[in-house]
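Okay, handing you the structure first.
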Amino acid sequence: MALLSRVGKTLRRMLSRPASADLTRYEALLPRIGEVEPELEKLSDAELTERAAKIREAGELDDDLLVEVCALGREAARRALGERAFDVQLVGTMALLTGHVVQMATGEGKTLSGALAAAGYALAGKRVHVISVNDYLARRDAEWMRPVYDLLGVSVGWVEPALTREARRDAYHREVCYGAVSEIGFDVLRDRLVTSVGELTQPEPEVAVVDEADSVLVDEARVPLVMAGSVDAGVADEEVAKIVRRLRLGLHYETDADGRNAWLTTTGASVVEKALGGIDLYGDTGADRLAAVNAALHAHALLTRDVDYLVRDGKVHLINASRGRVAELQRWPDGLQAAVEAKEQLPPSDHGEILDSITVQALIARYPQVAGMTGTAVAVAEQLREFYELEVAVIPPNTPTIREDLPHRVYTTPTRKLRAIVEEIRTVHETGRPILVGTQDVAESEELAEKLRKAGLSCVVLNARNDAEEAAVIAQAGAHGAITVSTQMAGRGTDIKLGGADGADAERVAELGGLHVIGTARYPSSRLDDQLRGRAGRQGDPGSSVFFASLGDELVLAHAPDVPEGIPSDEDTGEITDAAAHRQINHAQRVAEGVDLEIHRNTWRYTRLIERQRAELLRYRDEVLRTETATTLLRETESGRCYELEDSLGEESLRRVCREIVLFHLDQLWADHLAFLTEVRETIHLRALAKETPLDEFHRTAVPAFRRIKDELAKRSAKTLLEAEITGEDADLAGAGVKRPTSTWTYLVQDNPFGSDAEQALKKVRSMLRKKRS
Ligand code: ADP
Ligand code: MG
């Protein structure tokens with residue numbers, strides 16, 4: 001019996017794995033950390049640094065070392081910042097040092113917890129990257145924490161776009177280096193093109209401590225970072241854009257409810273085919289045109305100006321969907337980018353050959369050790385486990401949260417909802433409490449601001465500004481009487497202190513009830529709701545939050561449109577209190593979360609193969625860079641030519657020449673391979689032939705194509721070696737066609753707008769369910 005119940009217990013534990021790692025091990029160490037404190041307080045700064053240096057001799061981070069790192073870290077923070085790390089912050093540090101994603105609420109001091117963990121890793125002999133969501137935060141946190149690192153004798157630096165190659169190399173060779181995920185990724189790509197070891201900026205990746213871990217590891221995971229090199233300007237298909245502009249929804253094309261796909265109807269297809277001179281779009285020769293038409297249709301039907309992108313200074317600026325503001329450096333995949341430019345009748349922007357690209361997820365996968373911190377990790381615990389093998393540790397707040405989360409308020413239509421929101425803002429504003437309003441997108445922010453202005457309420461609207469300016473505005477959002485309207489707050493990393501940035505008025509604002517947060521609609525994930533909510537009630541402050549929703553909200557229309565009929569509502573206000581409506585909205589959010597996870601999964605299935613190939617190729621490239629592989633390879637096929645060259649140029653030069661030739665072709669072959677894979681993947685979707693498993697089909701094509709690279713490499717390199725003429729001291733490689741790109745640039749690609757087969761499958765299931773229900 002006892003055994004049975006024990007088995008039962010184990011089974012239950014296995015089936016419902018806890019959302020949080022057990023913290024008892026770390027909590028048990030807190031008294032020991034406390035015991036050392038008086039002793040450390042007596043040390044001079046120099047003695048403190050010396051004591052930290054002792055950790056370096058020990059190496060492995062066992063419990064004793066965790067205690068030592070935390071005790072020294074607490075003392076260093078007290079001296080350097082005047083902030084003695086709280087127990088919960090040290091528990092966070094220990095969980096980070098053991099490779100968890102820690103969940104600590106907004107304002108609990110993750111910056112310090114993360115810095116002490118980074119210092120701990122560094123003292124244990126590991127190089128650490130602290131990865132932030134933007135350049136501003138990377139620099140801010142590095143500068144803010146530097147005095148703490150100094151006392152612990154750990155070197156720290158940061159990277160940002162303006163830095164020279166030398167400055168970057170210097171920063172990356174510090175023990176701890178802060179950087180935005182994009183910047184670190186771009187450097188990985190740039191390092192990918194060097195032809196001598198001395199040019200590399202980054203040493204081997206060791207530890208990543210990721211701030212706003214859910215934003216980076218989940219929301220942005222699919223985003224590819226791209227490096228392109230100049231070839232020639234892209235051509236937007238104006239003719240196709242003109243044709244598509246005349247098409248009508250319902251007659252010529254259809255879109256699905258969640259706005260991720262658009263397709264031509266039979267009528268639409270024949271109109272387009274005729275307009276293009278009677279071609280067959282779906283025939284073998286039509287693939288190019290079909291891709292262009294598809295891109296133009298997506299641009300026309302699915303991408304909305306001021307929601308998905310802005311047009312400013314004659315350029316298309318993407319709006320980052322998960323953060324609701326201009327996504328600097330981002331663009332869509334080339335075809336779609338050009339199509340949107342054509343739609344807006346703008347000149348085509350530069351577009352070159354993609355030399356290499358890496359997704360954020362693959363970038364993080366390079367680190368043998370990853371840890372992270374965020375206010376909302378539990379909601380993505382499953383993804384973190386599945387995609388990164390990371391466990392979540394929930395750290396309790398230092399002071400209990402007393403924020404009041406008010407019941408959601410649901411309305412019949414968006415118009416009535418908006419009216420109620422303005423009323424809510426007016427009422428709360430009259431009390432003097434600061435209000436933070438989170439909207440879904442830039443257009444909605446502007447609409448609301450306009451309504452507020454008309455109602456005589458002045459507000460600050462946050463969107464599309466630069467990060468530093470934005471941080472300054474957010475810091476003021478807790479001031480008496482402030483109304484701040486902002487798109488999503490996830491990943492913003494700025495603390496909202498009651499009473500404004502200097503906290504001068506803190507007491508008065510706290511007495512009034514603190515910050516009131518209003519969500520104008522439920523976000524596509526409950527995690528984003530929590531991120532917004534978490535802005536109120538930081539560090540035990542008073543505060544409150546309320547979310548508004550309507551049955552006509554995009555989330556509901558897209559994911560749960562079949563609202564049960566006859567739900568009663570208030571005649572005057574349109575408010576619905578019936579539980580069925582609330583259930584419907586929660587359901588819509590869960591469906592949205594599921595769709596997102598499925599897309600993530602599917603993208604990863606494709607990129608995983610590409611990443612494996614990329615890793616294998618890079619290992620080979622590194623070998624070429626560091627050893628005599630290239631010379632050996634060419635001696636095998638062109639030994640005669642090699643002797644000749646060695647005779648006239650010397651051994652050293654022969655090696656360099658061989659290396660440059662092989663690297664040139666290797667990089668070229670990889671770029672071609674990537675382009676090929678992109679095409680394969682896109683046509684698999686576009687043609688949607690009777691292939692039952694597009695992923696298998698993709699593998700069947702991609703694997704042999706990759707195998708051919710090495711043969712081709714040897715052939716092409718040998719040919720170049722033969723063709724290169726000797727001119728005086730050197731071989732004329734440029735004359736033999738070895739031309740590296742003269743300029744390269746980097747950018748992020750936003751999402752895969754063409755949908756995926758997983759989505760298609762989900763959609764089918766959904767529409768079947770819908771039909772069944774109705
Ligand atoms: P988070 O990233 O968790 O939202 P931050 O790291 O931005 O929080 O810190 C929020 C605020 O709390 C900052 O103003 C910081 O100075 C303060 N803070 C952090 N740790 C402590 C501490 N141990 N004692 C006092 N203030 C602290
Ligand atoms: Mg933070």
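Each ligand, and each atom within it, is numbered from 1 in the order the structure gives.
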**Asked** Can you find a side-chain donor-acceptor pair between Ser132 and Asp211 that sits under 3.5 Å?
**Response**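 Short answer, no.
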
**Arg385/Glu389 salt bridge by N-O under 4.0 Å criterion** =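 No, this pair does not count.
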
**Asked** Can you say whether the rings of Phe387 and His600 are parallel (under 30°), tilted (30 to 60°) or perpendicular (over 60°)?
**Response** parallel

**Complete:** Protein neighbours of ligand 1 with a heavy atom under 4.0 Å, given by chain and number, are Glu83, Arg84, Ala85, Phe86, Gln89, Ala105, Thr106, Gly107, Glu108, Gly109, Lys110, Thr111, Trp144, Asp495, Lys497, Arg538, Gln539

**Backbone of Tyr136 reached by a side-chain donor or acceptor of Glu160 within 3.5 Å** = no

**Item:** Set of residues satisfying ring pair (Phe, Tyr, Trp, His ring centres under 6.0 Å) with respect to Tyr388, sequence neighbours excluded
**Value:** none

**Asked** Between the main-chain N or O of Ser526 and the side-chain N or O of Glu593, is there a donor-acceptor pair closer than 3.5 Å?
**Response**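 Yes, because the side chain of Glu593 sits within donor-acceptor range (under 3.5 Å) of the backbone of Ser526.
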
